[in-house]
Asker: 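Before I ask anything, here is the structure I am working with.
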Amino acid sequence: MRGKPLLQWGVFVLVWAVLVVPIWRVAQSHVHPEAAPVVASTATKAWISLHFSSPPTHVALEQDDVVLWQTSNSATQSVFEEELPLVFDAYGTEFWLKATLGENPVAVELVVEADRRAPRSQTLWVSGDVEEPLSFSWEHHHE
């Protein structure tokens, strides 16, 4: 038994003609927009607070191999607050704490307060010579 090829082809073309519009709309809704250009990292003034449970002998903060701040202490001061130029990218910042402490464990609380960003803090338990990376992140930050 033979069908009617012209009628079958006509139905086939008609079905695809009806389906092409919804398929096109679905395909276009899943097209990802071009990625936003990466914003170069910029230095921004930020307040840094360091609280040591025991006074350190030496403290330094470094970012990208640049010393942002350092002090040699006479072992009497355990709280330090400084305004430093930290480099932030779209998501946060990272820098290093380098300190010389006694052999007993010491608690170090570090707080970062930057413009238009909520304060962030970290607490470390360390002793001896310390070289710790500190990362602080925020949700994507629009300038």
Side-chain angles (χ1 to χ4, degrees), residues 3 5-143:
L6 286 177
L7 181 61
Q8 289 173 341
W9 273 105
V11 170
F12 177 79
V13 170
L14 183 63
V15 168
W16 276 106
V18 169
L19 290 177
V20 79
V21 172
I23 291 173
W24 177 259
R25 286 185 181 168
V26 169
Q28 290 303 315
S29 69
H30 287 22
V31 172
H32 298 289
E34 291 183 26
V38 175
V39 177
S41 300
T42 58
T44 302
K45 294 284 186 179
W47 275 102
I48 307 295
S49 300
L50 287 163
H51 299 262
F52 291 85
S53 61
S54 295
T57 306
H58 176 79
V59 180
L61 296 176
E62 296 181 9
Q63 188 175 45
D64 299 329
D65 296 324
V66 174
V67 176
L68 301 173
W69 173 79
Q70 67 179 344
T71 185
S72 291
N73 196 10
S74 62
T76 59
Q77 187 177 1
S78 60
V79 176
F80 304 92
E81 293 183 331
E82 295 293 327
E83 185 178 33
L84 302 175
L86 287 180
V87 176
F88 288 86
D89 61 19
Y91 299 99
T93 187
E94 181 178 77
F95 54 94
W96 286 79
L97 168 67
K98 296 186 178 183
T100 304
L101 305 166
E103 292 305 314
N104 293 329
V106 175
V108 181
E109 180 187 34
L110 192 124
V111 179
V112 176
E113 297 179 58
D115 287 344
R116 295 178 281 160
R117 291 180 170 93
R120 295 286 190 260
S121 66
Q122 285 188 28
T123 302
L124 307 171
W125 284 92
V126 292
S127 62
D129 290 335
V130 177
E131 287 192 26
E132 286 286 327
L134 300 165
S135 296
F136 296 89
S137 61
W138 290 262
E139 291 181 16
H140 185 67
H141 183 71
H142 298 288
E143 294 295 325

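Just so it is clear, the model here is predicted, and its values are computed rather than measured. Only this structure's heavy atoms are used, side chains among them; waters, hydrogens and symmetry mates stay out. All residue numbers refer to positions in the sequence shown, counting from 1.
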Asker: Quick one: do the Ser127 and Glu103 side chains pair a donor with an acceptor below 3.5 Å?
Answerer: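 Side-chain D/A pair, Ser127 to Glu103: absent.
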
Asker: Hey, mind stepping through Leu124 and Leu134 against side chain to side chain contact (heavy atoms under 4.5 Å, CB included) and telling me if it holds?
Answerer: CA-CA 10 Å; Leu124 307 171; Leu134 300 165; 3.7 Å; yes

Asker: How many angstroms lie between atom CD of Glu82 and atom CD1 of Ile48, to the nearest 0.5 angstrom?
Answerer: 10.0 Å

Asker: Here's a test for you: under side chain to side chain contact (heavy atoms under 4.5 Å, CB included), which of Val126, Val108, Val79 qualifies with Phe52?
Answerer: Val108

Asker: On a heavy-atom basis, which atom in Pro56 and which in Val59 lie closest, and how many Å separate them?
Answerer: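 It is CG-CG2, 3.3 Å.
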
Asker: For the pair Thr93 (side chain) and Val87 (backbone), establish whether a donor and an acceptor sit closer than 3.5 Å, ignoring hydrogens and angles.
Answerer: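 At least one qualifying donor-acceptor pair exists.
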
Asker: For Ser121 versus Val111, what's the shortest heavy-atom pair and its separation?
Answerer: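 In terms of heavy atoms, the two residues are closest at CB-CG2, 3.8 Å.
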
Asker: Could you give the distance from CZ (Phe88) to CH2 (Trp138), rounded to the nearest 0.5 Å?
Answerer: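 If I round to the nearest 0.5 Å, the distance is 4.5 Å.
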
Asker: Return yes if some donor-acceptor pair links the side-chain N/O of Gln70 with the main-chain N/O of Glu62 below 3.5 Å, else return no.
Answerer: no

Asker: Would a 4.5 Å heavy-atom cut-off, applied to side chains only, mark Ile23 and Trp16 as touching?
Answerer: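 The answer is yes; the side chains approach within 4.5 Å.
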
Asker: I need the Asp64 CG to Glu94 CD distance, nearest 0.5 Å.
Answerer: 9.0 Å

Asker: Does a donor on one side chain sit under 3.5 Å from an acceptor on the other, for Gln77 and Thr71?
Answerer: no

Asker: Please name the pair of heavy atoms, one in Gln122 and one in Ser135, separated by the smallest distance, quoted to 0.1 Å.
Answerer: NE2-O, 2.6 Å

Asker: Would you give the length of the straight line joining atom CG of Leu19 to atom CG of Leu14, rounded to the nearest 0.5 angstrom?
Answerer: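 Result: 9.5 Å between the selected atoms.
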
Asker: Has Trp47 got a side-chain atom pairing as donor or acceptor with Glu81's backbone, closer than 3.5 angstrom?
Answerer: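 No, Trp47 side chain to Glu81 backbone: no donor-acceptor pair under 3.5 Å.
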
Asker: Looking only at heavy atoms, what is the nearest atom pair of Leu68 and Pro85, with distance?
Answerer: CD2-O, 3.8 Å

Asker: Relative to the ring of Phe136, is the ring of Phe95 parallel (under 30°), tilted (30 to 60°) or perpendicular (over 60°)?
Answerer: parallel

Asker: Determine whether Leu97 and Leu61 satisfy the following criterion, side chain to side chain contact (heavy atoms under 4.5 Å, CB included), listing intermediate values before the conclusion.
Answerer: CA-CA 5 Å; Leu97 168 67; Leu61 296 176; 3.8 Å; yes

